[in-house]
Every structure is written in structure tokens, then in C-alpha cells.
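Quick notes on the structure that follows.
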Amino acid sequence: MSKTISFVIPVYNEEKRIAKTATALRNAVLPHSLNLEKIIFVNDGSTDNTLELLYKFSNDVAEDTGVPVEIVTYSENKGKGYAIKTGMSYSNSDYTIFFDADMATPLSELEKFIPFINENKPVIIGTRKNGESTVVNHQPRIRELMGMAFTLLSQIMLNTWVTDFTCGFKAFSREARTDIFSRSKINRWGYDSEIIFLARKLGYNMVEKAVIWSDDKNTKVKVFKAVFTSLFELIRIRFYHLTGSYELGYKKFGYVGKLLSRINLASH
């Protein structure tokens, strides 16, 4: 039985790469068991010509794919996490996947998710780090080392043991998408760790699948700034959990549920 899927693509000052994104979408051949329902671009306050190019290319993408292209835009840059959360709220498909405009992981890799989608796995995470993935172009060594350090920090601080938090190729079932992204609060670099942490705390079964990935040398990420920002956001995630801000069942179970959650936190 076929499943519907929507794409969420956050963009910020991507005028040099948006044509590449559009071409990849126009040429994509999806698995027969998936019915593409909507393509959602979220323009995260771009200050270059990104928005104009999105409108320029959207008709061609819609014509070639046969599905509507929705452009969500706002004037203030609020962060990639905010953009993805916003985009997720515009989907009602069986599954929604987000990926980066640089197409670091080709859409053909979606085929690898099909067995898990057929099994109704709620959270499917693309990984570059489980020893089975294919990295075509590696990041500079310093960025790879920083990424390894962030993964280890996320694992330890959040007690969440996936191999790759930051690969921008993740799919969520409708229920998981609603539960997770309605609670997420991190707007910038730590958003990946937060949504994976929330998935674990909400009891969703997460699976990782190795994917092809290639570094884009034109990335705008300022690695040292991102490291310190991400560390602070990991602390914020734990703080939100400690104070009950994520509402992980508290309303449903009242005071007893909140007490049990505190006990569960202490045990971790």
C-alpha cells in the first residue's frame, strides 16, 4: 500500500544553490510505493535573492513533479530549527522528510528508507557515521573532528545513542511529526539533537540508515560559533526537560505523571 510523503526544505541565503535544488527535485524518481504530496520550502529570512529564485523555479518544479510547491516565508532569520518546525506544520502526509538545499544526500537515497516506511517506523534517521555510509567528499578535518565531538556530547548529555545527530536527511511519520515538532524549542544548531531526544523520550522507535553524503564547500556554517552555540543548546534541552517545559505526558497524567517523569529523569 502506497504512503504519502512531503518534502520540507529550509533555505537561508541560498541564491547560489537553489537552482541545484530545483534541478534535483525536477529530476527525482521516487520509489513507486511513495506518493509525493507536497514540496515545502521555508525561506528563513533570506537577505539575498533566494525568495525571488524560489518563486522563479517553483512553477517548473511543480510542473515536472506534478505536485504543489508551497513557499513559506518570513522576514526575520530565526534559525534552521525554526524553519524546519514551521515547514513540518504545513505537512499532513503519512511521512515528512526534511533535507538541505545543498542536496548533500541525493533524493535517490530515499529508496533506502522504504523498508522502514513499509514497517511504519516512526522516525528514520540518515547517518554518515555508522561505518556503512558513503561519504563522497569529506568535510575539512577540523569540521569532522568538531562533528565527532558534538555527537559524543549529545550522546552523553542527552543519553541518546544514535550515531549521527546532524545529518540533514530525516523522515517522520505523521504522529511522530506532530508529537515531536509541537514540543521542539531549539531554533538553531542544536535542533537535531533536540528532536532526536524528544523522539526517544516520547517512546518512538528510531532507526538509522546509512546514506550517501557529500560535503558542500560553499557551506555558510561558522564552525567554532556553531560549536559553542550547540553546547549551550544541549544544556537548554536538559533544562527544558528538567523543568517540564516539553510537557512529556504531564497534562495527560497530571501530578502523578509529573512525579513519575521526575523520577525517570533522576534515573537517567
For [X] and [Y], does a side-chain donor sit closer than 3.5 Å to a side-chain acceptor?
X      : Y      : result
Thr21  : Glu14  : no
Trp213 : Asp215 : no
Thr4   : Asn35  : no

Check: [X] side chain, [Y] main-chain N or O, donor-acceptor pair, under 3.5 Å:
X      : Y      : value
Lys85  : Ile186 : no
Arg128 : Ser133 : no
Thr151 : Asp164 : no
Ser91  : Gly87  : no
Arg17  : Ala101 : no
Ser173 : Ala176 : yes
Asn187 : Gly81  : no
Arg174 : Asn92  : yes
Asp64  : Asn27  : no
Ser2   : Ser33  : no

Closest approach of [X] and [Y], non-hydrogen atoms and distance?
X      : Y      : answer
Lys170 : Ile195 : CD-CD1, 4.3 Å
Arg238 : Asn159 : NH2-CB, 4.0 Å
Pro10  : Ile84  : CG-CG1, 3.8 Å
Ala199 : Val123 : CB-CG2, 4.1 Å
Phe150 : Ser230 : CE1-CB, 3.3 Å
Ser93  : Glu37  : OG-OE1, 2.6 Å

To the nearest 0.5 angstrom, please state how far the [atom1] atom of [X] sits from the [atom2] atom of [Y].
X      : Y      : atom1 : atom2 : answer
Glu63  : Asn59  : CD    : CG    : 8.5 Å
Asn49  : Tyr55  : CG    : OH    : 14.0 Å
Trp189 : Thr229 : CH2   : OG1   : 8.5 Å
Thr73  : Leu51  : OG1   : CG    : 4.5 Å
Phe116 : Glu208 : CZ    : CD    : 10.0 Å
Ile196 : Ser154 : CD1   : OG    : 8.0 Å

Does the pair Leu158 and His241 meet the rule for a side-chain contact (heavy atoms from CB on, under 4.5 Å), with working shown?
CA-CA 10 Å; Leu158 304 182; His241 183 220; over 6 Å; no
Flag the pair [X] / [Y] as yes when at least one side-chain heavy-atom distance between them is below 4.5 Å, and no otherwise.
X      : Y      : result
Phe41  : Phe57  : no
Thr127 : Val162 : no
Asn77  : Thr47  : no
Lys80  : Tyr12  : no
Ile156 : Trp161 : yes
Thr23  : Lys20  : no
Thr96  : Ile40  : no
Ile9   : Leu25  : yes

Step by step, work out the side-chain hydrogen bond (donor to acceptor under 3.5 Å, both in side chains) result for Lys3 and Asn120.
CA-CA 10 Å; Lys3 300 280 180 67; Asn120 297 311; 2.6 Å; yes
Quiz: residues 104-113 side-chain donor-acceptor pairs under 3.5 angstrom, not counting sequence neighbours:
| unit_1 | atom_1 | unit_2 | atom_2 | d |
| --- | --- | --- | --- | --- |
| Thr105 | OG1 | Ile212 | O | 3.1 |
| Glu109 | OE1 | Lys112 | NZ | 2.6 |
| Glu109 | OE1 | Ile212 | N | 2.8 |

Derivation and outcome, side-chain contact (heavy atoms from CB on, under 4.5 Å), residues Ile180 and Met88
CA-CA 10 Å; Ile180 294 167; Met88 287 285 176; over 6 Å; no
Side-chain heavy atoms nearer than 4.5 Å, only ILVMFWY residues, links allowed to pass through others: does that put [X] and [Y] together?
X      : Y      : result
Ile124 : Tyr204 : no
Val69  : Leu36  : yes
Val61  : Tyr90  : no
Met206 : Ile114 : no
Val67  : Met103 : yes

Does Phe99 have any ring-ring contact (aromatic ring centres under 6.0 Å, His included) partners at least two apart in sequence or in another chain, and if so, which?
Phe7
I'd like to know whether Lys16 forms a salt bridge (charged side-chain N to carboxylate O under 4.0 Å, His left out) with Asp48, so could you lay out the CA-CA distance, the side-chain angles of the two residues, the decisive distance to 0.1 Å, and finally the verdict.
CA-CA 10 Å; Lys16 294 181 180 179; Asp48 62 2; over 6 Å; no
Might you work through the side-chain contact (heavy atoms from CB on, under 4.5 Å) test for Phe98 and Phe172, ending with a clear yes or no?
CA-CA 9 Å; Phe98 73 78; Phe172 301 83; 3.7 Å; yes
Considering the options Asn43, Thr86, Asp44, which one meets the side-chain hydrogen bond (donor to acceptor under 3.5 Å, both in side chains) requirement together with Tyr74?
Asp44
Among Arg200, Glu194, Gln155, which residue meets the side-chain hydrogen bond (donor to acceptor under 3.5 Å, both in side chains) test with Thr160?
Arg200
Hey, what's the ring geometry for Phe197 with Tyr246, parallel, tilted or perpendicular (30° and 60° as the breaks)?
tilted
Taking Arg188 first and then Glu233, would you say they form a salt bridge - that is, a charged N and a carboxylate O separated by under 4.0 Å?
no
Met157 meets the side chain to side chain contact (heavy atoms under 4.5 Å, CB included) criterion, sequence neighbours left out, with Leu153, Leu231, Leu234, Ile235
